[in-house]
Protein chains: 2
Amino acid sequence: MPARVRAVPTLDTVAAEAGVSRQTVSNALNSPHLLRAETLERVQAAIDSLGYTPNRAARNLRTKASQLIGLRLDPFVEGSASGLMDRFMHALAEACRDCGLHVLLFTAEDHTDPLDGYEALLGSRAVDAFVVTDTYRGNPAARWLSDRRVPFVAFGRPWDDSRADHPWVDVDGRAGVALAVDHVVDRGHQRVAWIGWHKDSYIGEDRRSGWVQRMHERGLATSKLSARGDDTIDFGRRAAIALLEGAAPTAFLCASDTLAMGVLQALRDKGIRTGGNPAHEVAVVGFDDSLPAQVTDLTSVRQPLEEVAVELVRLLDERMTHPMDEQRGVLLTPSLRLRSSS
Amino acid sequence: MPARVRAVPTLDTVAAEAGVSRQTVSNALNSPHLLRAETLERVQAAIDSLGYTPNRAARNLRTKASQLIGLRLDPFVEGSASGLMDRFMHALAEACRDCGLHVLLFTAEDHTDPLDGYEALLGSRAVDAFVVTDTYRGNPAARWLSDRRVPFVAFGRPWDDSRADHPWVDVDGRAGVALAVDHVVDRGHQRVAWIGWHKDSYIGEDRRSGWVQRMHERGLATSKLSARGDDTIDFGRRAAIALLEGAAPTAFLCASDTLAMGVLQALRDKGIRTGGNPAHEVAVVGFDDSLPAQVTDLTSVRQPLEEVAVELVRLLDERMTHPMDEQRGVLLTPSLRLRSSS
DNA sequence: CATCATTTCTGGAACGATCCAGAGGAGACC
DNA sequence: GGTCTCCTCTGGATCGTTCCAGAAATGATG
């Protein structure tokens, strides 16, 4: 004798229990205002007593929507990753929950193809929209998705595509670095150096411009105080040494925590103390507030990823409900996490 | 005049194009061996020319499966997180791809409730199974899911539940620490200390047992060489100082990179060099190979998360296709990432 | 009371796939 | 030729929901 298994309740089960029609139960869930208060109550009771939950697949089929947001994970680059993705995914999942959405992760089979993976999910209608994050060096996916009228939102500005008209959210790196300049200058530092990335990095130049602009606004010179190179600890170290032997800055602002780690090493090797007092300490500020920054007590510019996620989902939601509306980008301001390195 | 939109192709569209029935197209995709070679080719051509992709929602409805694996993200704990989650999610997404599965992220509304979120996804049949990761202190979710016969696999042993019979994958922390013992002892260290977590942590005691056991196997004493406390940098620092003033170890093995960071700080403060030579250097080994470890050049035990993910998905896949089979746990061995701290 | 508008509820059709039972045809064997 | 088997292919039913058009009940109005 087979075990008696209680069948999973459906709309019809609930309808029978409540003594109404299938459609009325559906309305109780999706448009409760259409029901008489007394009926609604009865249906609710039936739903509760049976423990009914609508079947997602059936709903998806009928409404042609999956309530899923696709997020492509690109290969984890050991060491260079600042660990932001972890925090970002948490924030995104949390933001999605409030709209009844969920995040679906996928990866490319061919990581060198920036479009791989999107088409399959789209064709099978497995996701309603995408969040595109890999915008560090231009973003082919953005244009491709745009051309196909696929709903998506980018984390990162379309630096290299002035025609782009998709919604995006980004963090104002320039403003973040300006904060850092103010911070060290307020503490009395005057020779404030910049260690950043190569000139072809849009993000790098944006952050650097915050340093240049704010330094000039504060009446300070920037010449001979700047270095550009790879995003490695080693470059940070070498750049710091070279600068110390040249213009002898008392503060270093870096385009990344990685570079800042190099600066800290250089200072330690040279026996120079770090801290905020320009008289006998050198200040160091990083960017991203990564785990290493937190651990080494490094002051760092922190991206408001939680806000970013909320804005991304808000834009997506608007895009999906009112596809017509013009949407512009959203620029959020980072904050400075003060620690003992400055 | 509305824009002419090419309708999304369905099975019927393809069937008409290929001059066969709907079911034949379905078979071409799911059971190609049932078709005559010539027919298969014709159907394939039709599929390609129309750019047909099966609709996921319809398939899910009919087959009562979503091909989605649920993964609950618990709140991101600033600082204490070792950043493993990032690498793990990548590995999991990648492993899922090879089985035609995808990862669906979700979060709890009430983070203190270890079961929150599971029921809703299960009731709506939005996911087929779960991967449960938060097994650091017992795991109520495992038993709850087990009782409901929900397919799931745990990353982490069921330490506290001997009756548990669900499949799991874990990393052999004891073996990892034993590797570390061998490493430093091979370099000539004899007084090798352990800095770990409180006694009530199963994982902590497991790792510690690797130290105790292997030390004794190598004929070395462990008494007065051990400290247990919170998983903080500060405790690591204080424990190291206390030990140095007592049994004066020349090597420190730590239950986490966080603790190891504290040890490194203590050594630096005391002007003691780190490295592998017991004559004039103190060796330090961490656990998890986190970003800070990589950045500070700390030798660390590295969990094989990529293998873990593959095994998890393999077990899930087996569980879903042969629900009857008994399944046991899988224990994977970590490796030692050698760096300059030892 | 008759009429009409409004609110409330109903049941058939549809979404796009797979399950299943069976039809049709080719070949084997007596 | 007849019968039986095996290989291919077909079409109706079905999964559980929402859309839609219209029916029934209710209330307002002359």
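Within every chain, numbering begins at 1; the chains are lettered A, B, ... in the order of the sequence lines, protein sequences first and strands thereafter. All heavy atoms count here, side chains included; hydrogens, waters and symmetry mates do not. Because the structure is predicted, anything quoted here is derived from the model rather than measured.
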- Message: How many whole angstroms separate atom CG of B/Leu34 from atom C1' of C/dG24?
- Response: 16 Å
- How many Å lie between CG on B/Leu29 and P on D/dC9, as a whole number? 14 Å
- Query: If only side-chain N and O atoms of A/Ser26 are considered, is one of them under 4.0 Å from the OP1 or OP2 phosphate oxygen of D/dT17?
  - Reply: no
- Message: Between the side chains of B/Arg163 and B/Asp165, is the shortest nitrogen-to-carboxylate-oxygen separation below 4.0 Å, so that they form an ion pair?
- Response: no
- Query: Do B/Ser66 and B/Asp128 have side-chain N/O donor and acceptor atoms under 3.5 Å apart?
  - Reply: yes
- Task: Measure the distance from CG on A/Asp12 to C1' on D/dT17 and round it to the nearest whole Å.
- Result: 10 Å
- Task: Compare the minimum distances between each of D/dT10, D/dT17, C/dC9 and the side chain of A/Leu35, then state the nucleotide with the smallest one.
- Result: C/dC9
- Item | Ring center gap for B/Phe152 and B/Tyr118 short of 6.0 angstrom | no
- Task: Write down the distance between CG (B/Asn60) and P (D/dT17), rounded to a whole number of angstrom.
- Result: 14 Å
- Pick the nucleotide of DNA chain D nearest each of B/Arg62 and B/Val20; which residue has the one closer to the 5' end? B/Val20
- Given DNA chain C, 5'-ward residue of the pair B/Gln23 and B/Leu61, judged by closest heavy atom: B/Leu61
- Message: Counting only side-chain nitrogens and oxygens, does B/Arg36 get under 4.0 Å of the OP1 or OP2 atom of D/dT8?
- Response: no
- Would you say a side-chain N or O of B/Thr10 is under 4.0 Å from OP1 or OP2 of C/dG16? no
- Just checking, is any N or O donor in the side chain of A/Asp12 or A/Thr10 under 3.5 Å from an acceptor N or O on the other one? no
- Looking at every strand, decide which applies to B/Thr63 at a 4.0 Å heavy-atom threshold: base, sugar-phosphate, or nothing. sugar-phosphate
- Query: Just to confirm, is there a sub-4.0 Å distance from OP1 or OP2 of D/dC9 to any side-chain nitrogen or oxygen of B/Thr39?
  - Reply: yes
- Could you check how far CZ of B/Arg125 sits from P of D/dC15, rounded to whole Å? 14 Å
- Message: If the threshold is 4.0 Å, N to carboxylate O, is there a salt bridge linking A/Asp317 and A/Arg319?
- Response: no
- Message: Check the phosphate of C/dC9 against A/Ser21, side-chain N and O only, distance under 4.0 Å to OP1 or OP2. Yes or no?
- Response: no
- Message: D/dG16, OP1 or OP2 - any side-chain N/O from B/Lys64 closer than 4.0 Å?
- Response: yes
- In whole Å, what is the span from the CZ atom of B/Arg59 to the P atom of C/dC15? 19 Å
- Message: Between C1' on C/dA26 and CD on B/Glu38, what's the gap in Å once rounded to a whole number?
- Response: 15 Å
- Taking N and O atoms by type only, does the side chain of A/Arg22 place a donor or acceptor under 3.5 Å from a partner on the base of C/dG12? yes
- Message: Need one value for A/Asn30: base, sugar-phosphate or nothing, where a base atom within 4.0 Å counts as base even if backbone is also close, heavy atoms only.
- Response: sugar-phosphate
- Task: Return the value, rounded to whole Å, for the distance between atom CD1 of A/Ile47 and atom C1' of D/dT17.
- Result: 13 Å
